Number of protein chains: 2
Amino acid sequence: MARLSDTIEEFLKLLLKESEGQLEIQRNELANYFECAPSQINYVLATRFSLEQGYYIESRRGGGGYIRIVHLDIEDDDYIYRLITEQIGVKISQGESENIITGLLEREIITPREASIMKAAIDDKSIAIPASLRDNVRASILKGMLTAILASYEES
Amino acid sequence: MARLSDTIEEFLKLLLKESEGQLEIQRNELANYFECAPSQINYVLATRFSLEQGYYIESRRGGGGYIRIVHLDIEDDDYIYRLITEQIGVKISQGESENIITGLLEREIITPREASIMKAAIDDKSIAIPASLRDNVRASILKGMLTAILASYEES
DNA sequence: ACAAGGAAAGGTCAAAGATAGTCAAAAGCA
DNA sequence: TGCTTTTGACTATCTTTGACCTTTCCTTGT
């Protein structure tokens, strides 16, 4: 007996193929369709549609809420993807972060203005919290911004 | 199910474009047109046409009453400066921050990709620290990024 | 003229409704 | 036994509605 999570995963991946890598669902509707708890949908998304697996999730609560799943079209050697999944760990210093951003600029992956914005976001002055936490927050901010850049390739 | 509030927002922004940034409506008439409670109009105005999003609302009650919506027409650098010095305090929520960023995008002060990067930087998921600190950190990150954008105007 | 009262707006706020998220316990399976 | 899956209680967020309030304008009686 195939696990329900696998069935839902397949279903979503089929829909994604049919819709050019972008998909919007309603959690309750889908849970209803598969007769499962709504939170199982979150489980499936967390375990099968993570960033490491090349997916980007966006959602909104309240009336008219939705969950959007984007299949990122990533090559194995994608520079940004590897930064996110391999180079940047759970913590990173300001200096290292700046080097990464400068590297992106040199490769013309980002514009000079994007580089300034990103550097401002990961600056110690912006992240004014105890040092024990700062490098962790910086790492997640940097990864978040890089993910946004990856996802931006899917738009249009 | 599309949100009615979004429909009303679009409708008003279309009208605003056609009328050079200034518009007068009658609350009841509009509510009637969209078959909703009059107070929903106030909701739309409060959540989508706030000062931080670059709009100014003026109204009058009584016979011949009206609501005037004005799309603030100020220079880009001035607009950013006011955001930094007046709209953003020492703390700010994710929602308000997103509104500000969306406002910049609508004015074409930033590009869609810059908007995505900025939204990623101020996301709760990126700033994973105790709530008591989060909004303060977010405010300084946002101000930092805005300052970077402001600086990009000087360099040319 | 003028005060009073009613009509015609718009404003506020809290409750109800509609979604999605989190987390840990229970259940299933290898 | 130890990992994965499933479930459900509780939480967070966004939207819609309705009851009640305030302001302004107009009419009418004196």
Side-chain angles (χ1 to χ4, degrees), chain A residues 1-12 23-53 55-70, chain B residues 1-12 23-51 53 56-70 92-99 102 119 122-132 134-135 138:
Chain A
M1 177 59 89
R3 297 193 247 24
L4 215 211
S5 287
D6 292 340
T7 310
I8 297 176
E9 174 188 4
E10 262 180 60
F11 179 77
L12 289 176
L23 175 58
E24 255 178 41
I25 57 166
Q26 302 230 246
R27 193 180 74 152
N28 288 337
E29 192 184 291
L30 193 60
N32 211 51
Y33 180 70
F34 284 103
E35 294 178 304
C36 64
S39 55
Q40 176 140 25
I41 306 303
N42 297 84
Y43 177 73
V44 172
L45 293 178
T47 57
R48 280 112 159 132
F49 293 85
S50 69
L51 181 59
E52 284 69 26
Q53 299 166 97
Y55 296 88
Y56 176 68
I57 308 290
E58 217 175 43
S59 69
R60 195 171 162 163
R61 308 184 194 194
Y66 61 83
I67 297 178
R68 176 177 319 163
I69 308 172
V70 181
Chain B
M1 180 70 76
R3 289 174 224 89
L4 215 211
S5 288
D6 289 346
T7 309
I8 299 175
E9 174 189 3
E10 258 181 63
F11 179 78
L12 290 176
L23 175 60
E24 258 178 39
I25 58 166
Q26 302 234 243
R27 193 179 75 151
N28 289 334
E29 190 185 295
L30 193 59
N32 211 51
Y33 180 70
F34 284 104
E35 294 178 303
C36 64
S39 54
Q40 176 140 26
I41 306 303
N42 298 83
Y43 176 73
V44 172
L45 294 177
T47 56
R48 278 106 158 137
F49 294 85
S50 66
L51 199 53
Q53 284 154 314
Y56 176 66
I57 307 291
E58 214 175 41
S59 69
R60 239 192 118 121
R61 310 183 190 195
Y66 61 85
I67 297 179
R68 178 179 306 149
I69 308 172
V70 182
I92 189 170
S93 71
Q94 178 179 338
E96 284 175 294
S97 305
E98 284 170 352
N99 285 344
T102 301
K119 282 182 183 170
I122 54 80
D123 195 291
D124 275 352
K125 286 192 284 279
S126 292
I127 311 173
I129 54 173
S132 55
R134 203 186 301 132
D135 286 354
R138 184 175 5 248

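Predicted model only: the values in this text are computed from it and were never measured. Within every chain, numbering begins at 1; the chains are lettered A, B, ... in the order of the sequence lines, protein sequences first and strands thereafter.
Remark: the backbone N or O of Ala46(A) is not paired with any side-chain donor or acceptor of Ser50(A) at under 3.5 angstrom. Between the side chain of Gln53(B) and the backbone N or O of Thr47(B) there is at least one donor-acceptor pair closer than 3.5 Å. When atom types are taken as modelled, the side chain of Arg68(A) and the backbone of Glu58(A) share no donor-acceptor pair closer than 3.5 angstrom.
Residues from residues 28-36 of chain B placing a heavy atom under 4.0 Å of any atom in DNA chain D, listed by number, are Cys36(B).
Scanning atom types as modelled, one donor and one acceptor separated by under 3.5 angstrom connect the side chain of Ser39(B) and the base of dG18(D). On a pure distance criterion of 3.5 Å, a polar donor-acceptor pair joins the side chain of Arg61(B) and the base of dT22(D).
Proximity note for Gln26(A) (side chain, C-beta onward) versus dT15(D), dT6(D), dT19(C): the nearest is dT19(C). If you check dG10(C), dT4(D), dT7(D) against the side chain of Tyr43(A), the one that comes closest is dT4(D). For Ile67(B), counting side-chain heavy atoms from C-beta on, the closest listed nucleotide (dT5(D), dC14(D), dG10(C)) is dG10(C). The nucleotide whose nearest atom lies closest to any side-chain atom of Arg27(B) is, among dG18(D), dG21(C), dG11(C), dG11(C).
Looking at Ile122(B) and Glu98(B), their side chains come closer than 4.5 Å, going by heavy atoms from C-beta outward. With a 4.5 Å cut-off on side-chain heavy atoms, Leu30(A) and Ile67(A) do not count as touching. Annotation: side chain of Tyr43(B) is in contact with side chain of Arg48(B) (closest heavy-atom distance under 4.5 Å). Contact check for Ile127(B) versus Gln94(B): no side-chain heavy atoms found under the 4.5 Å cut-off. Under the 4.5 Å side-chain criterion, counting only non-hydrogen atoms from C-beta, Ile69(A) is in contact with Ile57(A).
The shortest distance between the side-chain N/O atoms of Arg48(A) and the OP1/OP2 oxygens of dT5(D) is below 4.0 Å. Ser5(A) has a side-chain polar atom (N or O) that falls below the 4.0 Å cut-off from OP1 or OP2 of dT6(D).
When the nearest nucleotides of DNA chain C are assigned to Ile25(A) and Gly63(B) by heavy-atom distance, the more 5′-ward of the two goes with Gly63(B). Nearest-nucleotide mapping onto DNA chain D: of Ile41(B) and Asp124(B), the residue sitting toward the 5' end is Asp124(B).
Atom pair Arg60(A):CZ and dC14(D):P shows a separation of 7 Å (rounding to whole Å applied). Rounding to whole angstrom units, CG of residue Leu4(B) and C1' of dA18(C) are separated by 14 Å. At whole-Å resolution of the value, CZ in Arg68(A) and P in dT19(C) are 16 Å apart. What separates CG of Leu45(B) from P of dA9(C) is a distance of 17 Å, to the nearest Å. With rounding to whole Å, Asp123(B) atom CG is found 12 Å from dG21(C) atom P. Taking atom CD1 of residue Ile8(A) and atom C1' of nucleotide dT4(D), one finds them 14 Å apart after rounding to whole Å. In this entry the distance linking CG of Asn42(B) with C1' of dG18(D) reads 13 Å, nearest Å. Gln40(A) has its CD atom 16 Å from the C1' atom of dA20(C), to the nearest Å.
Residue Gly62(A) is classed as a base contact, given a heavy-atom separation below 4.0 Å to a base.
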